[in-house]
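In what follows, residues are counted from 1 in the order of the sequence shown.
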Amino acid sequence: MIYIDNILFAIILTIGVGFFVKNVKKLIRNIKLGQDVNRTDNSSERLKNMAMIALGQSKMVKRPVSGILHIIVYVGFVIINLEVLEIIIDGLFGTHRVFSFLGSLYGILIGSFEILAVLVLVAVFVFWTRRNIIKLKRFTSSDLNGKPKKDADIILYFEVVLMSLFLIMNATDIYFQQANSGNIISQYISPLFSSLSLFEIQVVERTAWWLHIVGILVFLNYLYYSKHLHILLAFPNTYFADLNVKGKFDNLESVTKEVKLMMDPNADPFAAQPVDENAVPSKFGASDVQDLNWVQLLNAYTCTECGRCTSSCPANQTGKKLSPRKIMMDTRDRMEEVGKNIDANNGVFVPDNKSLLNDYITPEELWACTSCNACVEECPVNISPLSIITDMRRYLVMEQSAAPQSLNAMMTNIENNGAPWQYNQMDRLNWKDE
């Protein structure tokens, strides 16, 4: 019976980590639904991006208030959870504060953890106030109605509970308080429990200890269902981001091949080309998540729903239906729907007569985009909503001939007149006579 706590802890830890691994496998499977794209070039630049943007939060501080507060929460949450390693060792082997042998260094570490815990609580309070009392415009948009808004608040409540449990755990740990090393904050909380008996204090300490580690495991598994996946995915997302200059349009290999054939004076257009009868004809552009590349799908899972992209979008600011944040959220929702379809059909996707285009994202949203790259520039984790928009517009134009009338008129003029305007080429210089 003496080892029952350790056995129970091992079971809970195994279940928590096992469920997390299962969700990670599902996440990777869904991302791999996308088309292959090579993002292994220029590793030094990619590592620099990851270090500066994901780890260093360099794009967050462009908006100082939310940026600095986010850094406090980010650093505090990550560093404080280093003590999870100590909890795991204590839980598995029945020890108590196994790292206390570090002496004064241990005191410094725990002391810094306690200070960060308080800073996190302050930052979370400000975040909650901005969302629920001040109600900043980018947090009250219609694309956040329902689950997204609840998700943001749930995460904040999670952080309050976990940080509070950490401080209570320290404040009621008699051994830790008697050592008087590292209890910078908890020493002021400890008197709140002075009226309790020794046994009751130990019960509070053990309860806080168990709830803290179980809460962390629950939070870990909640990540898959939450926008806070960016805690994990921001690093690969910034590493695999497109390094080309913003606005560079990628060429379709099949179209490039045809154009080169047309431009080659020595090519015989009537020569028989090798044909693979089993090959599936490639689609121009994208109408569903399987047509996008895997980096774009990774982008969708990494989206923090912060709304910086939408708040800087000129189309959205002028009342257009487009919201770059909604583009990413819709892509993720459709990807999840496809994933559930695969799970329900033994690993095979069964057509469901739905697609990302029209069922989630409308042509009106796509054509409202000015291709200005403001959303790409603003995103704190290098997500590119524009790449998804352009791929879906490409599908509308090249597969469905469904471009807006004004765009069709422009392309017709370019074809007939060599310019976007409806003037004969011979009249091109008439302006000089006016």
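Other residues, nucleotides and ligands place no more than 12 heavy atoms under 6.0 Å from the CZ atom of Phe199. In this structure, Phe349 places its CZ atom where more than 12 heavy-atom neighbours from other residues, nucleotides or ligands lie under 6.0 Å away. A 6.0 Å sphere centred on NZ of Lys48 holds no more than 12 heavy atoms belonging to other residues, nucleotides or ligands. More than 12 non-hydrogen atoms from other residues, nucleotides or ligands lie less than 6.0 angstrom from CZ of Phe193.
Every residue was checked against the salt bridge (charged side-chain N to carboxylate O under 4.0 Å, His left out) condition with Arg393, not counting sequence neighbours, and none meets it. Residues meeting the side-chain hydrogen bond (donor to acceptor under 3.5 Å, both in side chains) test with Trp421, sequence neighbours left out: none. The ring pair (Phe, Tyr, Trp, His ring centres under 6.0 Å) search around Tyr175 returns His96, not counting sequence neighbours. Among residues two or more places apart in sequence or in another chain, the side-chain hydrogen bond (donor to acceptor under 3.5 Å, both in side chains) test is passed with Ser195 by none. The salt bridge (charged side-chain N to carboxylate O under 4.0 Å, His left out) test applied to Asp343 returns Lys26, Arg29, not counting sequence neighbours. Under the salt bridge (charged side-chain N to carboxylate O under 4.0 Å, His left out) criterion, Arg138 pairs with no residue at all, not counting sequence neighbours. Listed by chain and residue number, nothing satisfies the salt bridge (charged side-chain N to carboxylate O under 4.0 Å, His left out) test with Lys150 (two or more places apart in sequence, or in another chain).
A donor and an acceptor atom, one from each side chain of Tyr106 and Arg97, are located under 3.5 Å apart. A donor atom on one side chain and an acceptor atom on the other are found under 3.5 Å apart for Ser323 and Thr310. With 3.5 Å as the limit, one finds a donor-acceptor pair spanning the side chains of Lys59 and Asn382. Under 3.5 Å, the side chains of Asn293 and Gln35 contain no donor-acceptor pair of N or O atoms. Asn30 and Lys340 share no donor-acceptor pair across their side chains, judged by distance under 3.5 Å alone.
When all heavy atoms of Ser181 and Gly107 are compared, the closest pair comes out as OG-CA, 3.3 Å.
Judged as a ring-ring contact (aromatic ring centres under 6.0 Å, His included), not a single pair has a partner in residues 19-57 (not counting sequence neighbours). For residues 113-123, no pair satisfies salt bridge (Lys or Arg N to Asp or Glu O under 4.0 Å), with sequence neighbours left out. The stretch residues 350-370 participates, sequence neighbours left out, in these salt bridge (Lys or Arg N to Asp or Glu O under 4.0 Å) pairs: Lys326-Glu365, Arg334-Asp352, Glu337-Lys354.
Atom CG of Asn413 and atom CE of Met411 lie 10.5 Å apart (nearest 0.5 Å).
Classification of the Phe158-Tyr222 ring pair by plane angle, with boundaries at 30° and 60°, yields tilted.
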For residues 201-217, please give each side-chain donor-acceptor pair under 3.5 Å, one per line with the distance, not counting sequence neighbours.
residue	atom	partner	partner atom	Å
Thr207	OG1	Val203	O	2.7
His212	ND1	Leu162	O	3.3
His212	NE2	Glu83	OE2	2.8

Distance-only donor-acceptor hits, side chain of residues 70-78, under 3.5 Å, sequence neighbours excluded:
residue	atom	partner	partner atom	Å
His70	ND1	Gln57	OE1	2.8

